[in-house]
Number of protein chains: 2
Amino acid sequence: MTQQRKKPSKAPANVTSHDVAKAAGVSQSVVSRAFSANGKIAPETRKRVLGVAQDLGYHPNAFARSLVQQRTRIVGVLIARLDNHLYPKVLDAFTAQLWAAGRQVMYFNVDDGGDIDKVLRTALQYRVEAMVVASITLSSHMAEVFCDAGIPVVLFNRYLDDPNVHAVSCDNVAGGRMVADAFLDAGHTRFAFIGGHPDTSTNHDRKGGFMTRLKERGAALSYALEKDYSYDWGRNAAHHLLSQKGPPDALFCASDLIALGALDTARAECGLRVPEDVAIVGFDDIEAASWQSYALTTVQQPVDLMLAETLAVILHKDSQPKRVTVPVTFVERGTTRPRVPSGEVVAL
Amino acid sequence: MTQQRKKPSKAPANVTSHDVAKAAGVSQSVVSRAFSANGKIAPETRKRVLGVAQDLGYHPNAFARSLVQQRTRIVGVLIARLDNHLYPKVLDAFTAQLWAAGRQVMYFNVDDGGDIDKVLRTALQYRVEAMVVASITLSSHMAEVFCDAGIPVVLFNRYLDDPNVHAVSCDNVAGGRMVADAFLDAGHTRFAFIGGHPDTSTNHDRKGGFMTRLKERGAALSYALEKDYSYDWGRNAAHHLLSQKGPPDALFCASDLIALGALDTARAECGLRVPEDVAIVGFDDIEAASWQSYALTTVQQPVDLMLAETLAVILHKDSQPKRVTVPVTFVERGTTRPRVPSGEVVAL
DNA sequence: CTGAAAGCGCTAACAC
DNA sequence: GTGTTAGCGCTTTCAG
């Protein structure tokens, strides 16, 4: 004979632990204990309280709890925009792992010209326990504010010469160098770089590594165009580059999205064969890079590793701000030519 | 002579309004007023207080405020996963618009087999003022719980025959019908449907509209395979379908991602020409659908409209739960053949 | 315009 | 085990 639980036809907006206490004939603190894992309470009392609570539609108020515990369990995540296909994956994995660690994610983004500082100040008001910032840079002023507040900030895929912030990124310089080597080894001679936002450290480092390595091996970058990380920009830039006289025969794009646009334009608009006429390499290794129509050669960012490092900082509240750089992998697919052992070429 | 503001080398973790009050020589409530837009306070007092607050690194505690105001300004967003390329865009637009309306987003996701109810209960504890749930369905029990708590739930791209939840989706049935018409008008005869998760309303409605319309015009669906909304599934299903005897000559895929996989397989693995040998249509109109290598014909979901409807519900706390269905658009690109005016074909 | 006081709903000692 | 109590940091009457 289970008794039908009575349910108020219209719950009075906010049921509090007091209401539950009264209905269950216990004190309010017993209700509190019933909901806390290690609260000293008789098993049967807890059971009864929990039952009453459910009947009444009671849910502990996390705001009240956080206030007294001085602990919100909220982590702020700020991503400029999710339009780089890598970030949705990052956000999802991140959210899932934080959830597993009992944390909630407060998600922020900023549209172009948006006030980043205002966003960060809001995060501060919600007392986030950590803040991860991706694809965007914060002012060193705000970095200091967070530092003063004792809230760790970790820059994802970006860094700042600021002792107050953590930064985890992949080895963008090494990635650029790998691409240079691949091009050189395959016998290319005219190199171009299609970049993303010119004032991002990722863009800067990828280009830097590329150029440096070219130079080290006696070659040089012929063209460099930079604007943003979009497919459309890849198309425009490639069109411009490939339709001129003495076009490049090797294109390094600062992101896969750019590379995909460049690839489409090279083939469809310029009637070029890839990689026979022009080789194209991207950066990131987003899902679409492996799609059959593209089979894009690219530099893979080890997202999982970067995530793990970020979580380590956040969850263990790592002592000193540290700058982590994880290694990248060159993924050869169909948009680059096979390498010619350079020894043999030079031998004569 | 601007005076250098003193900054404590190490702020004592939490600066409260009391600290500011003391330092500014005012009462705590004045500090509170200084930070509230319509607080009655002398302009110069406010200025001074704000100055002191900044020096001390004070940030109002949103938790304390929410507690007393009974208002968190947090909206919960639960998306199964961001792997449908439409959702990152949705989340971003949504976050931006909520931000403009002074709301924060608490983001949740559930991995396969995850406990949705637990997620929702957590959202309840954080007193979200509204909950939007995308690409996933909640139990009618939780729908009731939210209803009792007076928190509007809006299902995005899904619906439930539950009087307690709002639902906004596009006209999936009409979309399916449009595809049937396009295929029929172009003279196709053997139709296949590659679906996503079989137990989703979107999948059901798209397929339903497609089948119904075929039947209405005297045709029939030859094959239907359903599994999930991924590129890989599109590849596998298409491979299976197209490599058998009497293969379909028209493929309707329940999402663009599936269609892209099918398209790649049809061309690269099966050596088929699209649309000459087989026509392929997707659903969603994600960015990649318009990429030159694909030029996928698809049914476009008016994301902006759906977003606007969702926001209307949340921000205006719309009275009665309502079910909104917005119209879709058929976008003809390169994976379908031109239509033959049906009158002429049948005329003889 | 400013200050004092009463909670918002909860946890965490502290007694019993 | 359970009840009592004192706040967590803030907004909001209500006096002055």
Side-chain angles (χ1 to χ4, degrees), chain A residues 11-50 52-53 56-74 102 122 124-129 149, chain B residues 11-50 52-53 56-74 102 122 124-129 149:
Chain A
N14 270 323
V15 185
T16 74
S17 54
H18 281 102
D19 301 331
V20 177
K22 204 182 308 173
V26 294
S27 78
Q28 181 272 331
S29 48
V30 168
V31 177
S32 174
R33 288 186 189 107
F35 279 88
S36 98
N38 51 355
K40 288 173 183 308
I41 182 177
E44 46 201 86
T45 309
R46 160 173 283 149
K47 201 174 143 196
R48 184 161 48 89
V49 170
L50 257 27
V52 174
L56 261 41
Y58 168 74
H59 297 273
N61 186 324
F63 277 70
R65 172 190 299 150
S66 294
L67 192 56
V68 51
Q69 286 190 154
Q70 307 270 58
R71 189 143 172 36
T72 62
R73 300 187 163 275
I74 293 179
T122 301
L124 239 20
Q125 298 197 179
Y126 278 92
R127 297 296 191 264
V128 297
E129 298 182 349
Chain B
N14 270 323
V15 185
T16 75
S17 54
H18 281 103
D19 301 331
V20 178
K22 203 182 309 173
V26 294
S27 76
Q28 181 271 332
S29 45
V30 168
V31 178
S32 174
R33 289 186 188 104
F35 279 88
S36 98
N38 51 356
K40 289 172 183 310
I41 182 177
E44 45 200 86
T45 309
R46 160 172 283 148
K47 200 173 145 197
R48 185 161 47 87
V49 170
L50 257 27
V52 174
L56 260 41
Y58 168 74
H59 297 273
N61 185 325
F63 276 70
R65 172 191 298 150
S66 294
L67 192 57
V68 50
Q69 287 189 153
Q70 306 271 57
R71 190 145 170 34
T72 61
R73 301 186 164 275
I74 293 180
T122 301
L124 240 20
Q125 298 197 182
Y126 278 92
R127 296 296 189 263
V128 296
E129 297 183 350

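Note that the coordinates shown come from a computational prediction; the quantities given were computed from them, not determined experimentally. Every chain is numbered from 1 and lettered A, B, ... according to where its sequence line falls, protein lines coming before strand lines.
Where A:Ala42 and A:Gln28 each meet DNA chain D at their nearest nucleotide, the meeting point lying more 5' is that of A:Ala42.
One can find a donor-acceptor pair under 3.5 Å joining the base of D:dT4 and the side-chain atoms of A:Ser29. Not a single donor-acceptor pair, N or O on each side, falls under 3.5 Å between the base of D:dG1 and the side chain of A:Arg46. At a cut-off of 3.5 angstrom, the base of C:dG9 holds no donor-acceptor pair with the side chain of B:Arg127.
A:Arg127 places none of its side-chain heavy atoms less than 4.5 Å from the side chain of A:Gln70. Between A:Asn61 and A:Thr16, every side-chain heavy-atom pair lies at or beyond the 4.5 Å cut-off.
Between A:Ser17 and C:dG9, a side-chain N or O to OP1/OP2 separation shorter than 4.0 Å is absent. A:Tyr58 has a side-chain polar atom (N or O) that falls below the 4.0 Å cut-off from OP1 or OP2 of C:dC10. The phosphate of D:dC10 has neither OP1 nor OP2 within less than 4.0 Å of any side-chain N or O from A:Gln125.
You'll find that the side chain of B:Arg33 is closest to C:dG3, out of C:dG3, C:dC8, D:dT2. Taking every side-chain heavy atom of A:Val30 into account, D:dT2 is the closest of C:dT11, C:dC1, D:dT2. Nearest to the side chain of A:Thr45, among C:dG3, D:dT11, D:dG1, sits D:dG1.
Counting non-hydrogen atoms under 4.0 angstrom, A:Thr16 reaches the backbone sugars and phosphates but no base. Residue A:Val31 is out of contact with every strand shown, counting any heavy-atom pair closer than 4.0 Å.
Atom CD1 of B:Ile41 is separated from atom P of D:dT12 by 14 Å (rounded to the nearest Å).
In this pair, B:Tyr126 and A:Phe63 present their aromatic rings perpendicular. The plane angle is above 60°, beyond the 30 to 60° band.
Near DNA chain C, meaning a heavy atom under 4.0 Å away, the residues from residues 59-69 of chain B are B:Leu67, B:Val68.
B:Arg46 places a side-chain N or O within 3.5 Å of a backbone atom of B:Arg33 that can act as its donor or acceptor partner. One N or O on the side chain of B:Glu129 and one on the backbone of B:Arg73 form a donor-acceptor pair closer than 3.5 Å.
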(message) Both atom distances under 3.5 Å, Watson-Crick or G-U wobble: I'd like the secondary structure of DNA chain D as a dot-bracket string, with | for pairs made across strands.
(response) ||||||||||||||||
